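Have a look at the structure below, then the notes.
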Amino acid sequence: MAVSAPFSFLKNRKHNLDRMTLGDLVYSFFTYYAVLAYITVGIVSLVYAVKWFESPVRTLLSMAAASVVFPLGWFLVHKHILHSRFLYKSPLTAATWKRIHFDHHQDPNDLRVLFGALANVLPTVGGVMAPMGYLIGGKAGMAAALGWGMVITCFYEFCHCIQHLNYTPKLGFLKDIKRLHLSHHFHNEQGNYGITNYFWDRLFGTYYAKAADLPKSPTVFNLGYTAEEAQRYPWVDRLSHGTRGDGHPKRFWQGKDGQGTQPE
């Protein structure tokens, strides 16, 4: 699928990664408004890290801490927030949950909902990296940690795109993380929460190397938002116009047997 204009100006147009080439992805990625924002913040932060530079040890420690904290933070957010069920149970948070993760599991190849929302990602990463860097290395450490956090964010986002692109990576690292992530999406979502780093999955017992290690999950596409849940908490159902993306032709409220009463 050729991309004829910057993706940042095509927010309402569906881009399917299974129909894009690697070249299409690279173009779309580096013209996406959120990625441009991360790059800008990263460059500005690293420039200030050089300007305020005092101690190479403390600055490097700030960046090293960012390299450790980022994948841990992602693991915790992914497992305990994005895959939790409390967000869809409130009308105040249902739309946010739908946008930041439900839609991605419904259609893992839709580029529009693969990227994290800028309004969520930038404050979260900045709110963790900047204070941590400041505590370790002062102003220079703060800027270095924030700048490096933006670099890691771009790396994560690009690898995540590769994992869903109809493309077989040549690098062994990319092949491995793609296999693990696709298992999370198409076999069992209750494991392999990392994107590029599965250390924390291994440490906390949520890592599985192959599909045979865990049974097929019945909620791998709907994240537990079943027909029964849609009856009790209808807000995501309404926002989705009653459709399902888990391979079942019925509406959420109809259930597996095709029966049920549509929520008011």
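All figures in this text were calculated on a predicted structure; none of them were measured in a lab.
Side chain of K79 to main chain of G191: no donor-acceptor pair is present (N/O by atom type, distance under 3.5 Å, no hydrogens or angles). With H187 contributing its side chain and L214 its backbone, the two residues share a donor-acceptor pair below 3.5 Å. Counting only distance, with no hydrogens or angles, the side chain of D201 and the backbone of G194 share a donor-acceptor pair below 3.5 Å. A donor-acceptor pair under 3.5 Å is formed between the side chain of H164 and the backbone N or O of P108. Under a 3.5 Å cut-off, the side chain of Q163 and the backbone N or O of L182 do not form any donor-acceptor pair. At least one donor-acceptor pair closer than 3.5 Å links the side chain of R179 to the backbone N or O of A209. Remark: side-chain polar atoms of Y233 are not paired, donor with acceptor, to backbone N or O of P91 under 3.5 angstrom. Within the 3.5 Å criterion, the main-chain N or O of L82 finds no donor-acceptor partner in the side chain of H101.
Checked against the 6.0 Å centroid criterion, the rings of Y156 and F70 qualify as a close aromatic pair. For F204 and F75, the ring centers sit closer than 6.0 Å to each other. The ring of F115 has its center closer than 6.0 angstrom to the ring center of Y32.
Going from atom SG of C159 over to atom CG of L171 covers 9.5 Å, rounded to the nearest 0.5 Å. For the atom pair CD (E157) and CD1 (I195), the distance works out to 8.5 Å, reported to the nearest 0.5 Å. Rounding to the nearest 0.5 Å gives a distance of 11.0 Å between OG of S84 and NE2 of H78. Rounding to the nearest 0.5 Å gives a distance of 6.5 Å between CD1 of I39 and CD1 of I43. The OG1 atom of T93 sits 14.0 Å away from atom NZ of K98, with the distance rounded to the nearest 0.5 Å. Taking OG1 of T168 as the reference point, atom NZ of K170 lies at 8.5 Å (rounded to 0.5 Å).
Considering only heavy atoms from C-beta on, R19 stays 4.5 Å or farther from N166 through its side chain. Counting only heavy atoms from C-beta outward, the side chains of H160 and H104 approach each other to under 4.5 Å. No side-chain heavy atom of M129 sits under 4.5 Å from any side-chain heavy atom of M63. Within the 4.5 Å cutoff, no side-chain heavy atoms of V113 are placed close to those of D107. Counting only heavy atoms from C-beta outward, the side chains of V26 and F158 approach each other to under 4.5 Å. With contacts defined as side-chain heavy-atom distances shorter than 4.5 Å, the pair Y88/F102 does not qualify.
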For this session: Under the side-chain contact (heavy atoms from CB on, under 4.5 Å) rule, what do F173 and T196 come out as? Steps first, then yes or no, please.
Result: CA-CA 9 Å; F173 166 74; T196 66; 4.1 Å; yes
Exercise. Does the side chain to side chain donor-acceptor pair (under 3.5 Å) test come out yes or no for Q190 and T206, once each step is laid out?
Worked result: CA-CA 7 Å; Q190 298 171 28; T206 56; over 6 Å; no
For this session: For side-chain contact (heavy atoms from CB on, under 4.5 Å), just list the numbers for I177 and L174, CA-CA rounded to whole Å, side-chain angles, deciding distance to a tenth of an Å, and then say yes or no.
Result: CA-CA 5 Å; I177 64 171; L174 289 176; 4.0 Å; yes
Problem set entry | W74/Y193 under side-chain contact (heavy atoms from CB on, under 4.5 Å): CA gap, chis, key distance, verdict | CA-CA 8 Å; W74 169 254; Y193 294 103; 5.6 Å; no
For this session: Step by step, work out the side-chain contact (heavy atoms from CB on, under 4.5 Å) result for T40 and M150.
Result: CA-CA 9 Å; T40 301; M150 292 297 100; over 6 Å; no
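Residues that satisfy the ring-ring contact (aromatic ring centres under 6.0 Å, His included) test with F186, not counting sequence neighbours, are F221.
Within a 6.0 Å radius of CH2 in W148, other residues, nucleotides and ligands contribute 12 heavy atoms or fewer. Atom NZ of K216 is surrounded by more than 12 heavy atoms from other residues, nucleotides or ligands within 6.0 Å.
When all heavy atoms of V220 and H105 are compared, the pair lying nearest together is O-ND1, 3.2 Å. Shortest non-hydrogen contact noted between Y208 and N188 is OH-O, 2.7 Å. Across A145 and S62, no two heavy atoms sit closer than the pair CB-O, 3.9 Å. For L72 against W200, the heavy-atom pair with the smallest separation is N-NE1, 3.4 Å. Scanning all heavy atoms of the two residues, the minimum distance from A144 to A49 falls at N-CB, 3.7 Å. Heavy-atom minimum distance, L22 versus I162: CD1-CD1, 3.6 Å.
F155 and V69 fall within a single hydrophobic cluster, where Ile, Leu, Val, Met, Phe, Trp and Tyr side chains are chained together by heavy-atom contacts under 4.5 Å. No continuous path of hydrophobic side-chain contacts links V236 to L92 [ILVMFWY only; heavy atoms under 4.5 Å]. Y38 and I100 fall within a single hydrophobic cluster, where Ile, Leu, Val, Met, Phe, Trp and Tyr are joined by side-chain heavy atoms under 4.5 Å apart, directly or via other members. Two different hydrophobic clusters hold L146 and L60 under the rule that ILVMFWY side chains link at heavy-atom gaps under 4.5 Å. Note on V68: it does not cluster hydrophobically with V57, by side-chain heavy-atom contacts below 4.5 Å among ILVMFWY residues.
T21 and D24 share a side-chain donor-acceptor pair at under 3.5 Å.
Under a 4.5 Å side-chain heavy-atom criterion applied to ILVMFWY residues, the cluster that includes W52 comprises V44, Y48, Y134, M142 as well.
Ring geometry for H185 versus H181: interplanar angle over 60°, hence perpendicular rather than tilted (30 to 60°).
In this structure, R58 pairs ionically with E54, as a charged nitrogen and a carboxylate oxygen lie closer than 4.0 Å.
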